[in-house]
Trainee: 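The structure that follows is given in the form of structure tokens.
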Amino acid sequence: MTLTYVITGASRGLGLEFVRQISSQGHTVYALARNPEASKGLQSLIDGKNVFAVKLDANSEKSIKEAVDEININVPGGIDILINNAGIGCDASVNVENATKQEYMRIFETNVCGVSDITQAFLPLLRKRDTKKILNISSVLGSISATETANPASVKPPYCVSKAALNMLTKMFANHLADEKFIVYASHPGWVKTDMGGDSAPVEQTDSIAGMLKVLDSVTSKDNGEYYNYTGEKFTW
Ligand code: NDP
């Protein structure tokens, strides 16, 4: 069955690889990016058949509304899957002693408020179809239970705290939408070679996305409100 996906942060990194792999499976992809024209990778995938680029800045409610309106005109029958992938990190030198309020607010605006605004805005389009899947790209750095081993507590707190908040937001949308048979869950993509992950990351983009898509294909309503590694294992929050 051919599905319609909406993916945020599709200009580069994991978002772009999502677009590449999903479109190669014959599905329709609305690739959302702040500046689609500036992404050579995205431009090379746009074909006017399966892949369409739409402007969206996760920090702008106006931009989100315009993107939803544009997609609604193109696919009045609705969308199947929303992947909230867009996210920002902070410098590794930021720790619990020097992190500023401004830095917390900056990271929260995109990683938490952006996901909330985008999810709310796309709900009417998701409600038109039966698939009703929402995948939030989180991180193991947002797992409170993994903090001792995976997340040195003093490093990058605004990012870690934002992903912990995103995990809670995922759970709250999952609970809120459970009766409507939505499947809302969070995924850790692995530590992946991207602009954010850096060159020394052990996981290739192709493997991270292939793993997350395998999980996305297989989730059912019993996975609503879950938290998965890209390899398919469940994480504890
Ligand atoms: P990149 O930095 O490579 O890409 C980030 C993407 O998010 C870009 O497309 C960027 O667009 C987009 N973006 C950032 N801010 C906004 C905004 N306000 N509006 C719209 N788009 C925005 O990161 P990754 O691909 O590595 O990360 C993707 C997701 O995976 C993030 O949520 C990240 O937190 C998460 N993650 C990544 C890990 C890794 O190891 N790489 C590990 C754990 C989680 P633009 O080109 O316009 O800047």
Side-chain angles (χ1 to χ4, degrees), residues 6-21 29-43 45 53-68 82-92 105-119 121-122 134-143 146 150-151 155-167 169-170 185-209 211-213 215-216 227-231 235:
V6 168
I7 301 163
T8 68
S11 59
R12 56 194 165 96
L14 297 175
L16 183 60
E17 185 60 23
F18 266 126
V19 177
R20 194 173 283 125
Q21 291 196 23
V29 183
Y30 282 85
L32 308 188
R34 279 195 278 214
N35 188 357
E37 292 79 25
S39 166
K40 283 197 184 125
L42 182 54
Q43 290 301 321
L45 293 176
V54 175
K55 225 174 158 66
L56 176 134
D57 180 345
N59 297 347
S60 159
E61 286 164 307
K62 179 171 175 283
S63 157
I64 294 168
K65 186 184 178 314
E66 286 170 0
V68 171
L82 169 64
I83 302 178
N84 283 307
N85 164 77
I88 53 174
C90 59
D91 197 272
M105 303 283 272
R106 186 180 75 85
I107 304 282
F108 251 67
E109 183 176 21
T110 304
N111 292 4
V112 185
C113 304
V115 175
S116 174
D117 287 347
I118 290 166
T119 304
F122 277 102
I134 301 172
L135 164 55
N136 291 335
I137 305 303
S138 181
S139 169
V140 67
L141 296 180
S143 165
N151 166 14
V155 175
K156 298 200 284 190
Y159 180 76
C160 299
V161 171
S162 78
K163 291 298 189 182
L166 175 62
N167 287 349
L169 186 69
T170 303
Y185 72 101
S187 197
H188 169 57
W191 178 19
V192 194
K193 281 190 188 70
T194 63
D195 292 339
M196 186 187 289
D199 289 340
S200 43
V203 181
E204 299 295 333
Q205 292 183 27
T206 46
D207 296 331
S208 168
I209 298 303
M212 286 196 286
L213 288 180
V215 177
L216 184 58
Y227 182 21
Y228 279 103
N229 197 357
Y230 78 102
T231 49
F235 269 137

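In this chain, numbering begins with 1 at the start of the sequence shown. Start at 1 and go down the list; that is how both ligands and their atoms are numbered. All values below were derived from every heavy atom in this structure, side-chain atoms included, with hydrogens, water molecules and symmetry-related copies excluded.
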Trainee: Could you tell me the residue and atom name of the protein heavy atom closest to atom 5 (C) of ligand 1, and the distance to it rounded to 0.1 Å?
Mentor: G87 O, 3.7 Å
Trainee: Give the atoms of ligand 1, by number and element, whose distance to some non-hydrogen atom of D57 is under 4.0 Å.
Mentor: 17 (C), 18 (N), 19 (N)
Trainee: Within the 4.0 Å heavy-atom shell around T194, which atoms of ligand 1 are there?
Mentor: 3 (O), 24 (P), 25 (O), 26 (O), 41 (N)
Trainee: Pick, from R34, M196, H188, M212, the option with the minimum heavy-atom distance to atom 47 (O) of ligand 1.
Mentor: R34
Trainee: Which atoms of ligand 1 have any heavy atom of D195 under 4.0 Å away?
Mentor: 3 (O)
Trainee: Would you name the heavy atoms of V112 and L166 that are closest together and state the gap between them?
Mentor: CG2-N, 4.4 Å
Trainee: May I ask you to check whether T110 and N59 show a side-chain donor-acceptor distance below 3.5 Å?
Mentor: yes
Trainee: Does ligand 1 have a heavy atom under 4.0 Å from the side chain of I88, from its backbone, from both, or from neither?
Mentor: side chain
Trainee: Can you list the ligand 1 atoms lying under 4.0 Å from a non-hydrogen atom of I137?
Mentor: 29 (C), 30 (O), 32 (O), 35 (C)
Trainee: Assess whether side-chain contact (heavy atoms from CB on, under 4.5 Å) is satisfied between T8 and V115, documenting all intermediate values.
Mentor: CA-CA 9 Å; T8 68; V115 175; over 6 Å; no
Trainee: Is there a heavy atom of N85 sitting under 4.0 angstrom from any atom of ligand 1?
Mentor: yes
Trainee: Note the single closest protein heavy atom to atom 34 (O) of ligand 1, along with its residue, its atom name and the distance in Å.
Mentor: Y159 OH, 2.6 Å
Trainee: Give a yes/no verdict on whether any heavy atom in S138 is under 4.0 Å from an atom of ligand 1.
Mentor: yes
Trainee: To the nearest 0.1 Å, how far is atom 22 (C) of ligand 1 from its closest protein heavy atom, and which atom is that?
Mentor: A86 CB, 3.7 Å
Trainee: Show which atoms of ligand 1 fall inside a sub-4.0 Å distance from at least one heavy-atom site of W191.
Mentor: 40 (O)
Trainee: Can you report which non-hydrogen protein atom sits closest to atom 12 (C) of ligand 1, along with the distance?
Mentor: G9 CA, 3.8 Å
Trainee: Could you list which atoms of ligand 1 come closer than 4.0 Å to a heavy atom of N59?
Mentor: 18 (N)
Trainee: Using every non-hydrogen atom in the two residues, find where M212 and P189 come nearest and quote the distance to one decimal.
Mentor: CE-CB, 3.5 Å
Trainee: Compute whether any side-chain donor of one residue and acceptor of the other, for T119 and N84, lie under 3.5 angstrom apart.
Mentor: yes
Trainee: Within a distance under 4.0 Å of any heavy atom of A58, pick out the atoms of ligand 1 and give their elements.
Mentor: 17 (C), 18 (N), 19 (N), 20 (C)
Trainee: Just jot down the ring pair (Phe, Tyr, Trp, His ring centres under 6.0 Å) partners of F18, sequence neighbours excluded, or say none.
Mentor: none
Trainee: Tell me the protein heavy atom at minimum distance from atom 42 (C) of ligand 1, and give that distance in Å.
Mentor: G190 O, 3.2 Å
Trainee: For atom 4 (O) of ligand 1, what is the nearest protein heavy atom, given as residue, atom name and distance?
Mentor: R12 NH1, 3.8 Å
Trainee: If you measure from each non-hydrogen atom of K163 to ligand 1, which part falls under 4.0 Å: side chain, backbone, both or neither?
Mentor: side chain
Trainee: Against heavy atoms of G13, which atoms of ligand 1 measure under 4.0 Å?
Mentor: 3 (O), 25 (O)
Trainee: Could you say whether the N/O atoms of L14 and ligand 1 ever approach to under 3.5 Å?
Mentor: yes
Trainee: Mind jotting down which residue pairs meet the side-chain hydrogen bond (donor to acceptor under 3.5 Å, both in side chains) criterion with at least one end in residues 197-208? Sequence neighbours excluded, please.
Mentor: K193-E204
Trainee: Tell me: protein heavy atom nearest atom 40 (O) of ligand 1, and distance?
Mentor: V192 N, 2.8 Å
Trainee: Hey, is ligand 1 close enough to S139 that some N/O pair sits below 3.5 Å?
Mentor: no
Trainee: Determine, considering heavy atoms only, which of A31, S11, A201, G41 sits nearest to atom 9 (O) of ligand 1.
Mentor: S11
Trainee: Heavy-atom contact check, 4.0 Å cutoff: does S39 meet ligand 1?
Mentor: no
Trainee: Give the single entry among P189, G197, A10, G114 that approaches atom 43 (C) of ligand 1 most closely by any heavy atom.
Mentor: P189
Trainee: Counting only nitrogen or oxygen atoms and a 3.5 angstrom limit, does N35 reach ligand 1?
Mentor: no
Trainee: For atom CD of Q21, is the number of surrounding heavy atoms from other residues, nucleotides or ligands below 6.0 Å larger than 12?
Mentor: yes
